[in-house]
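Naming: A, B, ... by sequence-line order, numbering from 1 per chain.
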2 protein chains.
Amino acid sequence: MQTSHEAVIAKKRGRGRPPKSADERNESMRRGELVKVAAQLFRQRGFHGTSTRDIAAAAGMQPGSLFYFFESKESILHAVMRDGMAQAATSQAAALDGLTARASGVQRLRALVRNHLQIMVGPESDFIPVMLYEWRLLSEEQRVDVGTQKDEYEAQWMPALQALHHTGKLKASPEIARLLIFGALNWTAQWFTEGRGLTLDELTEQALALFIGER
Amino acid sequence: MQTSHEAVIAKKRGRGRPPKSADERNESMRRGELVKVAAQLFRQRGFHGTSTRDIAAAAGMQPGSLFYFFESKESILHAVMRDGMAQAATSQAAALDGLTARASGVQRLRALVRNHLQIMVGPESDFIPVMLYEWRLLSEEQRVDVGTQKDEYEAQWMPALQALHHTGKLKASPEIARLLIFGALNWTAQWFTEGRGLTLDELTEQALALFIGER
DNA sequence: CCTACCGATCGGTAGG
DNA sequence: CCTACCGATCGGTAGG
């Protein structure tokens with residue numbers, strides 16, 4: 001599956017021509033800006049509470065110009081989630097690469113939790129609340145697409161959870177634990193603001209304390 | 001603070017007249033039906049994705065007739081959350097009353113978790129997802145109103161969490177644990193369906209296993 | 001509660 | 001990318 005942006009580019013340059021012109025690079029940058037401001041607005045006001053005019057204005061464009069970059073409002077929502085998940089996957093892979101081969105289950109879970117919380121307070125933090133709130137608004141096809149990214153992201157937690165279950169530190173079943181843990185962590189986007197009372201490291205330790213009694 | 005419905009009734013009969021006429025009872029029932037179908041639609045399609053015409057049609061009314069019962073679309077959203085929280089509070093009080101005076105922290109938390117999950121799979125289960133998704137759409141005044149109900153509901157968890165923290169079964173701080181736990185439990189509304197794989201009692205035990213290592 | 005209706009806003013398009 | 005625009009939908013109201 002390709003993003004709507006890739007679809008547009010593919011249409012313009014014909015299938016299979018790899019090099020990008022300077023125009024295509026500019027277009028790509030401008031589109032990235034649109035996705036970013038759309039993510040902010042969707043988080044603040046919701047998808048239906050944000051008009052395409054709002055997004056265009058925030059990007060300094062005329063109302064109709066959005067549809068030069070995106071075929072529909074829904075495709076912007078899709079792009080917000082798709083781009084966000086791609087960045088999250090990259091960040092999570094880096095966090096796991098930073099571990100030694102013999103890292104314990106506790107160390108692995110700590111790295112995953114910390115990275116996930118980091119994503120939600122970082123500068124690109126809007127897409128997870130948007131996914132939480134607007135998931136049902138995706139088309140069937142879009143939901144399968146982003147769902148695949150999400151499944152791959154979450155699957156990387158299973159080895160750590162299974163290891164912790166085997167050593168007895170995680171009492172719940174790994175599958176149910178994963179569902180409950182993502183609910184708990186994703187909801188922190190609503191109440192946690194870095195620096196106010198609790199640091200990100202402290203929140204990470206509190207979460208580990210709750211889930212596996214580690215502190 | 002009074003609901004918009006009470007405000008309407010108060011306006012009609014003048015302040016301080018207690019007895020309700022048969023007309024007022026019918027009006028009250030009809031309004032309750034509207035809140036119920038609105039809750040279902042808001043959960044399925046979101047607040048902005050549901051038109052007042054949708055709600056009226058689902059209740060067998062003409063499009064404009066909604067505004068005989070509610071002064072605005074927002075006031076229907078407020079009523080969904082207000083009525084839902086009132087029922088949740090009643091249900092939770094009953095669950096706690098069912099405990100003996102010497103019930104342990106584990107027993108108290110189990111009763112609270114089970115009751116909360118029960119609310120989310122029961123026939124009046126729509127309001128919690130609606131609260132999760134549409135909280136920001138309330139007016140300042142409405143948010144304070146429902147926020148007070150929510151705070152009172154959640155405050156009843158603190159004695160159990162504090163007791164468990166003192167005995168060492170809950171390693172996280174009671175305040176942070178409460179925030180993480182509600183995130184985890186409320187999110188189950190998205191993936192848990194009774195009977196498919198996991199019963200409500202099994203889910204309750206899995207949650208307790210995750211939070212306090214009890215199983 | 002119904003009928004009839006209004007003003008505003010919205011997603012999207014044609015043509016350049 | 002902009003200009004100019006359309007058709008549809010929406011929340012809400014007047015008057016009964």
**Student:** Distance-only criterion, 3.5 Å: show the donor-acceptor pairs between side-chain atoms of residues 181-188 of chain A and protein atoms not counting sequence neighbours.
**Tutor:**
{"unit_1": "A:Asn186", "atom_1": "OD1", "unit_2": "A:His116", "atom_2": "NE2", "d": "2.7"}
{"unit_1": "A:Asn186", "atom_1": "ND2", "unit_2": "A:Phe182", "atom_2": "O", "d": "3.2"}
{"unit_1": "A:Thr188", "atom_1": "OG1", "unit_2": "A:Leu185", "atom_2": "O", "d": "2.5"}

**Student:** Can you list the stems that include DNA chain C, where a stem is three or more consecutive Watson-Crick or G-U pairs with distances under 3.5 Å?
**Tutor:**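 When the pairs of DNA chain C are grouped into runs of at least three, the stems are C:1-16 with D:1-16.
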**Student:** ring-ring contact (aromatic ring centres under 6.0 Å, His included) with B:Phe127: which residues, sequence neighbours excluded?
**Tutor:**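 Not a single residue meets the ring-ring contact (aromatic ring centres under 6.0 Å, His included) criterion with B:Phe127.
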**Student:** With sequence neighbours left out, which residue pairs that include part of residues 52-68 of chain B fulfil the salt bridge (Lys or Arg N to Asp or Glu O under 4.0 Å) condition?
**Tutor:**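 Those involving residues 52-68 of chain B are B:Arg45-B:Asp54.
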**Student:** If I take atom OH in residue B:Tyr68 and atom C1' in nucleotide D:dA14, what distance separates them, rounded to the nearest angstrom?
**Tutor:**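 For the pair B:Tyr68 OH and D:dA14 C1', the rounded distance is 16 Å.
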**Student:** May I ask you to list the residues of residues 49-64 of chain A, by number, that have any heavy atom positioned under 4.0 Å from an atom of DNA chain C?
**Tutor:**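 Within this stretch, A:Thr50, A:Ser51, A:Thr52, A:Arg53, A:Gly64 sit under 4.0 Å of the strand.
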**Student:** Can you sort out which residues in residues 33-42 of chain A have a heavy atom within less than 4.0 Å of DNA chain D? Ascending by number, please.
**Tutor:**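 Output list: empty, so none.
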**Student:** Rounded to the Å, how far apart are A:Leu66 CG and C:dG12 P?
**Tutor:**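 Between P of C:dG12 and CG of A:Leu66: 10 Å.
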**Student:** Does anything in residues 173-188 of chain B form a salt bridge (Lys or Arg N to Asp or Glu O under 4.0 Å)? List the pairs, not counting sequence neighbours.
**Tutor:**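 As it turns out, the salt bridge (Lys or Arg N to Asp or Glu O under 4.0 Å) pairs with a partner in residues 173-188 of chain B, which skip direct neighbours, are B:Glu154-B:Arg178, B:Glu175-B:Arg178.
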**Student:** Considering residues at least two apart in sequence or located in another chain, which fulfil the salt bridge (Lys or Arg N to Asp or Glu O under 4.0 Å) criterion with A:Arg143?
**Tutor:**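 Partners of A:Arg143 under the salt bridge (Lys or Arg N to Asp or Glu O under 4.0 Å) test: A:Glu140.
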**Student:** Between A:Leu132 and B:Tyr133, what is the shortest heavy-atom contact and its length?
**Tutor:**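 Looking at all heavy atoms of both residues, the closest pair is O-CE2, 3.3 Å.
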**Student:** Between D:dG12 atom C1' and B:Phe70 atom CZ, what is the distance in whole Å?
**Tutor:**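 Checked: the CZ to C1' distance equals 15 Å.
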**Student:** Quick check for you: among D:dC2, D:dG12, C:dG12, whose closest atom lies nearest to any side-chain atom of B:Lys73?
**Tutor:**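 Per side-chain heavy atoms of B:Lys73, the pick is D:dG12.
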**Student:** According to side chain to side chain donor-acceptor pair (under 3.5 Å), who are the partners of A:Thr193, at least two apart in sequence or on a separate chain?
**Tutor:**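 With neighbours one apart ignored, the set is A:Arg196.
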**Student:** Minimum heavy-atom separation for B:Arg136 to A:Gly46, with atom names?
**Tutor:**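 Answer, listing the atom of B:Arg136 first, then A:Gly46: NH2-CA, 3.4 Å.
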**Student:** Checking B:Glu124 now: which residues fulfil side chain to side chain donor-acceptor pair (under 3.5 Å) with it, not counting sequence neighbours?
**Tutor:**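 Per chain and number, B:Glu124 pairs via side chain to side chain donor-acceptor pair (under 3.5 Å) with no residue.
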**Student:** Rounding to a whole Å, what distance do you find between A:Phe67:CZ and C:dT13:C1'?
**Tutor:**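 Atom-to-atom, A:Phe67 to C:dT13, this comes out as 9 Å.
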**Student:** Who are the side chain to side chain contact (heavy atoms under 4.5 Å, CB included) partners of A:Ala93, not counting sequence neighbours?
**Tutor:**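 Scan of A:Ala93 (side chain to side chain contact (heavy atoms under 4.5 Å, CB included), adjacent residues dropped) gives none.
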**Student:** If the condition is salt bridge (Lys or Arg N to Asp or Glu O under 4.0 Å), which residues does A:Glu33 pass it with, not counting sequence neighbours?
**Tutor:**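 Per chain and number, A:Glu33 pairs via salt bridge (Lys or Arg N to Asp or Glu O under 4.0 Å) with A:Arg30.
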**Student:** Specify the separation, in whole Å, of atom CZ of A:Phe69 and atom P of C:dG11.
**Tutor:**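 Atom-to-atom, A:Phe69 to C:dG11, this comes out as 18 Å.
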